[in-house]
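Numbered from 1 within each chain, the chains take letters A, B, ... in sequence-line order. These numbers come from a predicted model, not from an experiment.
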Amino acid sequence: MHRVPSPRPITLTFMCAASSSSPSSSEIPPFRYAAELANEIERRHQNRWEAEGVYHSPNPTGPLSADGIAADRPKLYVLDMFPYPSGSGLHVGHPLGYIGTDVFARFQRMQGFNVLHAMGYDAFGLPAEQYAVQTGQHPRITTEANIANMRRQFRAMGLGHDDRRSVATTDVAFYRWTQWIFLQLFNAWFDSKTNRARPISELIAAFETGEHEPNNASHQNGRKWSSLSGLEQRSVIDSHRLVYLDEAPVNWCPGLGTVLANEEVTAEGRSERGNFPVYKRPLRQWKMRITSYAERLLSDLDLIDWPEPIKLMQRNWIGRSEGAAVSFPLAIDPGIIIEVFTTRPDTLFGATYMVLAPEHPLMDQIVASEWPENIPTSWRGVGEAGATPAEAIATYVRYAQSKSDVERKVESKVKTGVFTGAFALNPTNGEQIPVFVADYVLMGYGTGAIMAVPAHDTRDFEFATAFELAIVGVVEPTPAWFESHDLSPGTSSASWPEAFTGDGLAMSSANDEVTLNGLDTPAAKSLIIEWLEKRSAGTGTINYKLRDWLFSRQRYWGEPFPIVYDEHGLPVALPESMLPVELPEIEDYAPVVLGEGDDSVPEPPLGRASEWVNVTLDLGDGPKSYRRELNTMPQWAGSCWYYLRYLDPTNTEAFVDPGVEKYWMQGSHADGTPAFGGVDLYVGGVEHAVLHLLYSRFWHKVLFDLGHVSTPEPFQRLYNQGYILAPAYIDARGVYVPAEEVQGNVESGFTLNGEPVTQELGKMGKSLKNSVDPETIYGAYGADTLRLYEMAMGPLDADRPWNARDITGVHRFLQRLWRNLVDEETGDLRVTQETGDIDLRRLLHRTIAGVTDDMKGLRFNTAVAKLIELNNALTKHVTEHGDTPVEVATAFALMLAPLAPHVSEELWERMGKKSSVVWDPFPTPDPALLVDDE
RNA sequence: GGGCGAGUGGCGGAAUUGGCAGACGCGCAGGAUUCAGGUUCCUGUGUCCGAAAGGAUGUGGGGGUUCAAGUCCCCCCUCGCCCACCA
């Protein structure tokens with residue numbers, strides 16, 4: 001059926017640019033494996049694969065199920081981090097991971113697995129919107145054109161995706177379910193007793209029966225549920241939801257006209273996208289209660305097979321620390337309590353002052369009306385001489401807020417602050433200690449207030465030194481510490497040159513009820529916590545750096561919230577039956593971009609769709625008018641769950657069928673190792689170590705708690721592919737210039753238009769202007785050569801420089817292999833039924849064993865090297881005997897199939913095989929030929 | 001400042017568990033084919049000494065453990081990444 005006819009004239013003109021650097025085609029033997037033949041082979045087999053649907057992976061049930069080939073195979077889910085469909089298309093750095101998963105997926109399919117391998121598009125986001133703002137063209141049009149272009153590029157590289165499962169986050173049929181998941185979170189609360197999410201209806205029921213009483217003191221002062229009004233009850237319930245509205249300082253980026261999550265703000269205090277300055281502003285925004293999951297997000301890292309550095313980054317981001325919450329009453333009014341968090345409760349006796357963050361809510365209650373006598377002038381701040389404490393504080397707070405994070409960083413060594421005029425009582429000894437305001441204490445961590453122990457904390461030491469505060473040592477430093485500071489052991493803390501922050505034996509820490517003296521640090525911590533708890537002055541607590549996730553954006557091109565506001569201005573979730581909430585058409589997509597110093601509250605672009613915004617709906621108590629939520633979801637929303645939609649992309653009844661979900665997400669035991677489920681292999685770049693990978697773990701856990709998915713974690717195994725680096729060039733202004741236009745070399749120097757430029761090596765991409773278009777590579781060598789080169793150039797997880805020169809190496813390999821099996825002049829097979837000599841057979845079977853092993857371990861670079869070695873031996877054999885033993889030819893085509901699928905399929909076909917090589921079993925080595933018989 | 005990772009020929013890299021360092025490819029050199037260039041094929045290619053045989057030396061630097069170290073331990077240097085006033 002597919003036997004290839006003999007000589008076939010090749011008259012392709014595809015990518016003839018390639019011949020400028022190679023000989024004219026008339027001199028190449030007609031069946032040499034060069035660009036033209038490779039391209040012809042590739043197009044033909046890509047068409048065949050698509051027509052036959054060879055990459056369709058059957059589901060166990062539903063519309064994507066199928067009888068036959070794969071129904072009884074074990075499953076394997078191989079996933080890529082899906083791309084943003086950018087207008088500039090792919091460069092050769094993008095597909096590195098995609099080729100890696102494709103090779104792995106193809107190999108495992110040949111190992112007998114039903115492999116799910118699909119590709120989607122993370123298509124909401126800024127570039128399409130910005131383009132729409134500039135051109136007036138709807139972002140959907142640009143987005144869909146970009147997706148079509150990217151899909152074409154993936155197909156041309158021979159990536160074997162199940163195209164029936166391709167989704168884009170911008171599809172209404174997709175974001176309908178993003179909105180549905182939002183509703184699951186909205187209609188859920190976190191039960192800290194069982195440490196999991198439960199439906200909000202169960203919370204309401206618990207309130208009704210009195211099993212649970214509202215304990216949200218700040219809202220309802222502990223009143224009984226039954227005594228609350230309807231609106232008060234709603235407010236209590238809303239404050240328990242996993243999604244909630246919060247008026248709090250958020251990262252406001254005027255340059256982008258939107259708020260940003262902490263994760264989207266760089267250390268320099270700028271937006272990760274666009275590099276605009278970001279300011280803290282109090283705004284009413286949606287947040288997701290990811291902090292409830294802090295402990296599980298942390299501890300479940302132990303269950304999954306992820307690279308240690310990524311786990312570490314997540315652990316650092318979650319930032320768990322054990323310590324104590326301690327209450328410090330105000331001296332003049334013990335009813336006012338300043339609560340602090342400390343990791344060193346053992347140093348409590350050494351707390352000689354306190355500090356509040358500038359934004360601390362208790363500030364107004366604490367500030368004294370006038371300065372106490374005999375305080376150093378530096379305590380009164382740097383403002384006008386006669387200022388009251390309140391005025392001095394106000395000046396300082398303004399100063400602190402005006403500083404950007406960059407300035408804070410630069411000035412971090414210089415401690416500034418102002419005395420509030422108030423004193424608090426150290427709970428251990430009743431001593432009055434002054435309370436300061438200083439910007440080295442951050443409102444965003446702990447309680448926004450600290451007890452300062454200058455003898456044992458570097459920052460407190462610096463502040464205490466600057467403000468002439470007492471430094472009282474309560475932990476005995478080690479002899480080595482004294483020695484390294486040229487002090488004799490036991491020197492008084494007043495003479496220490498810096499804080500001693502290590503563990504040691506407690507000293508000077510005793511009152512009438514408790515003494516820590518002589519205890520080591522861990523023992524001192526637990527004893528003082530015990531004492532604090534007995535006195536109701538504190539408790540042992542665990543604190544996290546992780547903040548709740550800011551979930552709303554003032555953007556057009558994102559998922560609308562399934563939320564409306566009623567006549568009280570309170571949010572009401574729409575019922576499932578009203579989904580999807582589609583984006584309205586509007587004229588102007590631009591966000592409201594504000595200038596510096598403009599403090600007005602911006603209205604999101606959706607506010608312009610007035611007919612859409614104001615709606616009359618019947619939500620159960622008759623038609624009433626409502627106002628829609630104007631914010632849209634952040635780009636992370638769709639990427640939080642797209643891997644679940646691949647499983648069942650056409651389902652209109654559920655986001656995924658439960659049986660289908662269980663089938664693909666169950667723990668696989670391919671190599672006998674225990675697995676508790678999730679995607680079997682997830683490949684992507686390290687840049688998503690905290691953002692996407694933390695958010696999607698969070699959503700997945702909520703869905704797990706609510707019974708919608710069967711595994712507690714989404715991704716069993718994570719693998720980070722490296723980046724492709726390329727030379728980039730900077731001109732005299734320090735601006736990147738297009739690398740392809742630069743002339744010169746290392747010796748003579750580099751120039752652009754005669755101007756000297758300097759070379760550096762950087763991640764390939766648009767920002768460094770050093771992209772290489774994959775089409776020029778497979779135009780000149782074929783896609784199989786590009787695939788093979790990217791796999792051969794180094795380990796998948798390592799960064800590696802792009803070196804066009806090296807591509808010829810793998811191209812020659814394919815050419816030599818081809819020549820060993822196919823006569824270049826006639827196109828006839830050069831395969832014999834005879835078996836080769838024993839040395840060649842031994843090498844063949846060693847290669848099969850080695851390549852199998854390498855493929856399983858994602859070591860494609862050494863797999864390619866082994867295949868080249870085998871081919872070198874085969875070349876020698878063919879030179880001597882004139883043809884290739886069929887055993888070698890067959891095994892070679894199969895082993896090469898995952899890496900270079902087109903040429904393998906072609907060889908397979910020429911050898912008379914009727915079915916695609918894609919589904920044939922990978923060869924197995926003969927154990928008898930693996931041992932040397934010396 | 002803290003944490004993590006990495007340093008192997010001219011270049012990309014290999015050496016899976018402590019066991020012949022440099023697989024495989026690029027580049028380079030020589031040869032065959034060719035009018036020539038290119039292509040293709042063969043041979044060689046860490047460094048130093050030597051015509052060769054052979055010898056010495058060699059995995060960022062220094063020290064150590066071991067019969068044996070690129071691999072393990074200690075100190076130092078360089079580079080990369082992440083976090084960064086986190087109480």
Protein-nucleotide distance ([X], atom [atom1]; [N], atom [atom2]), rounded to Å:
X	N	atom1	atom2	answer
A:Asp823	B:U40	CG	C1'	14 Å
A:Tyr781	B:C26	OH	P	12 Å
A:Met791	B:A14	CE	P	14 Å
A:Gln314	B:C4	CD	C1'	15 Å
A:His456	B:C85	NE2	C1'	19 Å
A:Leu814	B:U40	CG	C1'	16 Å
A:Glu880	B:C42	CD	P	11 Å
A:Arg800	B:G7	CZ	P	15 Å

Any idea which of [options] is nearest the [X] side chain?
X	options	answer
A:Gln815	B:G13, B:U40, B:C26	B:U40
A:Lys545	B:C83, B:A14, B:C85	B:C83
A:Asp806	B:C26, B:U40, B:A87	B:C26
A:Arg819	B:A14, B:G13, B:U40	B:U40
A:Tyr445	B:A87, B:C26, B:G13	B:A87

- Message: With heavy-atom distances below 4.5 Å as the criterion, would you say the side chains of A:Glu295 and A:Tyr544 are in contact?
- Response: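 Yes, at least one pair of side-chain atoms sits under 4.5 Å.
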Complement of [N], any strand, by Watson-Crick or G-U distances under 3.5 angstrom:
N	result
B:C35	none
B:A69	none
B:A15	none
B:C28	B:G44
B:C4	B:G80

- Query: Are OP1 or OP2 of B:C41 and a side-chain N or O of A:Arg816 less than 4.0 angstrom apart?
  - Reply: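 Answer is yes, contact under 4.0 Å.
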- Message: Does B:G25 have OP1 or OP2 under 4.0 Å away from a side-chain N or O of A:Asn872?
- Response: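 Yes, within the criterion.
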Parallel, tilted or perpendicular for [X] and [Y], by the 30°/60° rule?
X	Y	answer
A:Phe813	A:Phe892	tilted
A:His485	A:Trp481	tilted
A:Phe104	A:Phe107	tilted
A:Tyr440	A:Phe463	tilted

- Task: Looking at every strand, decide which applies to A:Arg859 at a 4.0 Å heavy-atom threshold: base, sugar-phosphate, or nothing.
- Result: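 Contact class for A:Arg859: base.
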- Looking for any heavy atom pair under 4.0 Å, which part of the strands does A:Glu308 touch: base, sugar-phosphate only, or nothing?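 Since no nucleic acid heavy atom lies under 4.0 Å of A:Glu308, the category is nothing.
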- Who are the side chain to side chain contact (heavy atoms under 4.5 Å, CB included) partners of A:Asn872, not counting sequence neighbours?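 Side chain to side chain contact (heavy atoms under 4.5 Å, CB included) check on A:Asn872 returns A:Ile868.
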For the [atom1] atoms, the ones on [N] and on [M], what distance do you get once it is rounded to whole angstrom?
N	M	atom1	result
B:C79	B:U8	P	14 Å
B:G5	B:U59	P	23 Å
B:G25	B:C74	P	39 Å
B:A15	B:C20	P	13 Å
B:G3	B:A56	P	44 Å
B:C73	B:A6	P	11 Å
B:A69	B:G64	C1'	11 Å
B:C24	B:G13	C1'	8 Å

- Query: Along nucleotides 77-82 of chain B, 5' to 3', which nucleotides get a B, which get an S, and which get a -, given that the test is a protein heavy-atom distance under 4.0 Å?
  - Reply: -----S
- Task: Give the B/S/- string for nucleotides 27-32 of chain B, one per nucleotide from 5' to 3', where a protein heavy atom under 4.0 Å of the base yields B, of only the sugar-phosphate yields S, and otherwise -.
- Result: S-----
- Message: Does A:Lys866 contact B:C24 through a side-chain donor or acceptor facing the base, at a distance under 3.5 Å?
- Response: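 By the distance-only test, no, there is no pair.
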- Task: Would you mind calling B:G9 syn or anti? Take O4'-C1'-N9-C4 for purines or O4'-C1'-N1-C2 for pyrimidines, and syn is within 90° of 0.
- Result: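 Syn conformation here, the glycosidic angle of B:G9 being no more than 90° from 0.
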- On RNA chain B, nearest-nucleotide positions of A:Pro309 versus A:Arg344: which is more 5'?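 Closest to the 5' end, via its nearest nucleotide, is A:Pro309.
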- Message: Between A:Met793 and A:Ser321, which residue's closest nucleotide on RNA chain B lies nearer the 5′ terminus?
- Response: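 Its nucleotide being nearer the 5' end, the pick is A:Met793.
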- From A:Ile99 CD1 over to A:Leu899 CG, what is the distance, rounded to the nearest 0.5 angstrom?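 A:Ile99 CD1 to A:Leu899 CG: 10.0 Å, rounded to 0.5 Å.
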- Message: Under 3.5 Å, is there a donor on one side chain and an acceptor on the other for A:Asp854 and A:Thr862?
- Response: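 Side chains of A:Asp854 and A:Thr862: pair found under 3.5 Å.
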- Side-chain (A:Arg32) to main-chain (A:Gln815) donor-acceptor, under 3.5 angstrom: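 Checking the backbone N and O of A:Gln815 against the side chain of A:Arg32, no donor-acceptor pair under 3.5 Å is found.
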- Apply the test side-chain contact (heavy atoms from CB on, under 4.5 Å) to residues A:Met451 and A:Thr352: give CA-CA distance (whole Å), side-chain angles for both, the deciding distance (0.1 Å), then the verdict. CA-CA 8 Å; A:Met451 65 174 212; A:Thr352 55; over 6 Å; no
- Message: Could you walk me through whether A:Phe328 and A:Val340 satisfy the side-chain contact (heavy atoms from CB on, under 4.5 Å) test, starting with their C-alpha distance in whole Å, then the side-chain angles of each, then the deciding distance to 0.1 Å, before giving a yes or no?
- Response: CA-CA 8 Å; A:Phe328 286 71; A:Val340 304; 3.7 Å; yes
- Query: Is the count of non-hydrogen atoms from other residues, nucleotides or ligands lying under 6.0 Å from A:Glu483 atom CD greater than 12?
  - Reply: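 No, because the 6.0 Å sphere around CD of A:Glu483 holds 12 heavy atoms or fewer from other groups.
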